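To keep things clear, I will list the structure first and then write my remarks on it.
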Amino acid sequence: MNETPPHKILCEWDRRYVWHPFTQMKQYEEIEPLIVERAEGAFLYDTKGNQYLDGVSSLWVNVHGHRRPEIDQAIREQLDRVAHSTLLGIAGVPSILLAKRLVDLAPPGLDHVFYSDNGATAVEVALKMAYQYWQQKSPPEPERNIFLSFTNAYHGDTIGSVSVGGIDLFHAVYRPLLFRVIHAPYPYCYRCPLNREYPSCEMACLGEVEKIISEHSAHLAGVIIEPLVQGAAGMITAPKGFLRIVRELCDKYRTLLIADEVATGFGKTGTMFACEQEKVSPDLLTLAKGLTGGYLPLAATLATEEIYRAFYADYREQKTFFHGHSYTGNALGCAAALASLDIFEREKTLDSLKGRIEYLADLLESIQSLPHVGDIRQCGIMVGIEMVRDKRTKEPYPWEEAIGVKVTREARRRGVVIRPLGNVMIFMPPLCINDEQLEYLVTVTKESIQSVCGD
Ligand SMILES: *Cc1c(COP(=O)(O)O)cnc(C)c1O
């Protein structure tokens with residue numbers, strides 16, 4: 001193997017050649033880049049030998065830590081057989097085994113697995129399946145051709161998934177390219193769109209959601225939701241029961257529910273899937289990020305028998321789902337995913353996570369009292385800390401102040417990698433994080449907020 005060039009050269013080439021995602025490159029260049037060279041467990045190590053706690057599990061993907069011997073081994077063994085072969089018309093061993101495992105694990109009724117390679121494509125697949133389902137079921141209902149999504153939703157960055165997205169900062173520029181979508185309010189209780197107070201509101205927003213669904217019910221192909229928590233919106237947690245009632249509304253108005261568990265899947269909310277907590281079975285389920293334990297790009301869209309049947313016909317009826325990616329069902333990715341699921345089973349990861357989630361909640365109380373922390377939201381191991389200029393009036397920091405970026409830089413100086421979403425500091429460590437590391441993560445976040453916002 002070629003020797004890695006020295007840090008200084010890597011910095012120079014990074015600037016010259018790499019265009020980083022979701023990154024203003026001018027701002028990025030203001031400080032020396034952190035260049036990851038290796039990782040172990042919950043820690044990343046850079047080319048200068050510094051150690052950082054991976055507070056966002058490498059953007060919400062890592063599950064059992066970096067370099068888990070079992071996952072490393074599974075990939076190596078698969079590599080000795082085949083790295084990739086297509087699923088278009090032929091099959092592969094790991095993708096078969098994984099599909100069965102996913103169907104066994106997923107909420108009841110989701111019996112078929114369609115693979116792709118990232119969260120956005122898993123969402124595209126779900127949208128296209130839902131759309132085509134209504135045209136092909138018997139009797140067909142082709143007038144059901146629009147989707148409902150929630151305010152501040154995030155479902156990925158391809159044009160279809162941006163269409164159902166609701167974050168103006170990311171999505172507004174593409175409006176003319178997007179298809180029409182109906183929006184309903186998601187319960188952002190700290191800044192309630194209806195100006196009500198939970199729980200005395202009795203989830204009045206659901207009345208609003210029902211009104212919108214019923215108005216459009218004849219044309220709705222489906223409702224897409226991030227169950228329990230909207231991740232990229234700033235970890236906006238929905239009150240208990242919200243998801244359950246959205247499911248009931250979809251039944252009442254006979255439309256499909258698409259649960260996007262790309263972020264929430266694989267233990268991040270404390271259960272394998274968020275839907276389980278409200279005993280909800282969606283019609284379509286999207287999975288990606290944590291699927292391979294954070295190792296390789298792989299995604300899956302799970303569908304019900306009912307949906308599958310609408311595509312199952314004689315070839316000349318042209319009901320085939322004409323969609324597929326070159327790396328669909330990649331063997332290495334499936335092998336990693338199987339190894340990750342084995343770890344969940346063998347180590348009872350979700351059982352031991354319970355105590356850690358409670359401990360995290362205790363730790364977060366010490367941040368709640370900070371004068372510029374307005375709201376702390378936690379769902380499992382997913383946390384959003386919303387910083388405000390004025391705690392009493394909830395006046396936000398103006399976005400120009402880039403307060404989140406400043407806190408992130410402070411945290412990095414203290415050996416923690418976290419990432420902001422606007423004025424919300426996010427963390428979502430790997431499930432393998434221990435109590436001591438959690439404490440470090442919370443302490444550093446607290447100090448960094450204090451250092452930027454003042455005491
Ligand atoms: C990250 C995310 C996506 C997009 O996944 P990618 O793999 O980044 O394309 C979709 N939906 C949700 C809820 C996500 O958090």
Side-chain angles (χ1 to χ4, degrees), residues 20-23 56-63 114-130 147 149-167 169-171 174 178 181 186 188 222-238 242-243 246 257-269 273-275 280 282 284-302 323 325 327-330 333 336-337 340 377 379-384 419-422 424 426-428 430:
H20 290 264
F22 275 103
T23 301
V56 286
S57 52
S58 295
L59 228 88
W60 315 1
V61 299
N62 196 279
V63 178
F114 191 96
Y115 290 109
S116 59
D117 37 34
N118 59 66
T121 53
V123 168
E124 296 282 346
V125 166
L127 295 172
K128 286 173 72 178
M129 276 182 182
F147 290 93
S149 72
F150 288 88
T151 45
N152 296 312
Y154 178 79
H155 297 290
D157 298 327
T158 55
I159 292 299
S161 54
V162 167
S163 294
V164 288
I167 301 180
L169 175 66
F170 304 164
H171 301 148
Y174 306 108
L178 309 180
V181 168
Y186 198 86
Y188 183 5
V223 171
I224 181 165
I225 190 167
E226 293 164 83
L228 300 192
V229 49
Q230 284 189 319
M235 299 296 174
I236 295 175
T237 50
F242 184 84
L243 175 66
V246 169
L257 178 66
I258 304 170
D260 180 358
E261 292 230 27
V262 169
T264 52
F266 304 100
K268 304 287 173 46
T269 67
F273 301 113
C275 285
V280 160
L284 290 154
L285 173 71
T286 58
L287 302 173
K289 290 194 170 104
L291 174 56
T292 60
Y295 268 64
L296 286 158
L298 180 73
T301 304
L302 274 65
H323 184 113
H325 302 279
Y327 284 99
T328 284
N330 175 261
S340 170
R377 300 179 283 269
C379 181
I381 200 100
M382 305 169 77
V383 174
R419 229 190 111 78
L421 286 159
V424 182
I426 300 297
F427 44 80
M428 184 155 161

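From a predicted model like this one, the values you see are computed outputs, not experimental measurements. Atoms within a ligand are numbered from 1 in the order they appear, just like the ligands themselves. Quick note: residue numbers are just sequence positions, from 1. Note that these values count all heavy atoms, side chains included, but never hydrogens, waters or copies made by symmetry.
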Exercise for review: Kindly tell me which protein residues have any non-hydrogen atom under 4.0 angstrom away from an atom of ligand 1, grouped by chain and ordered by number?
Suggested key: Trp60, Asn118, Gly119, Ala120, Tyr154, His155, Gly156, Glu226, Asp260, Val262, Ala263, Lys289
Check your understanding: So do Phe273 and Leu287 actually touch side chain to side chain, heavy atoms under 4.5 Å?
Key -> yes
Exercise for review: List the steps, then state whether side-chain contact (heavy atoms from CB on, under 4.5 Å) holds for Tyr154 with His171.
Suggested key: CA-CA 9 Å; Tyr154 178 79; His171 301 148; 4.1 Å; yes
Exercise for review: Measure the spacing between OH of Tyr188 and CZ of Arg377 and express it to the nearest 0.5 Å.
Suggested key: 4.5 Å
Exercise for review: State which residues pass ring-ring contact (aromatic ring centres under 6.0 Å, His included) with Tyr174; sequence neighbours excluded, sorted by chain then number.
Suggested key: none
**Study point:** Check: His155/Asp260 side-chain N/O donor and acceptor closer than 3.5 Å
**Key:** yes
Check your understanding: Have Thr264 and Glu261 got a donor and an acceptor in their side chains that come within less than 3.5 Å?
Key -> yes
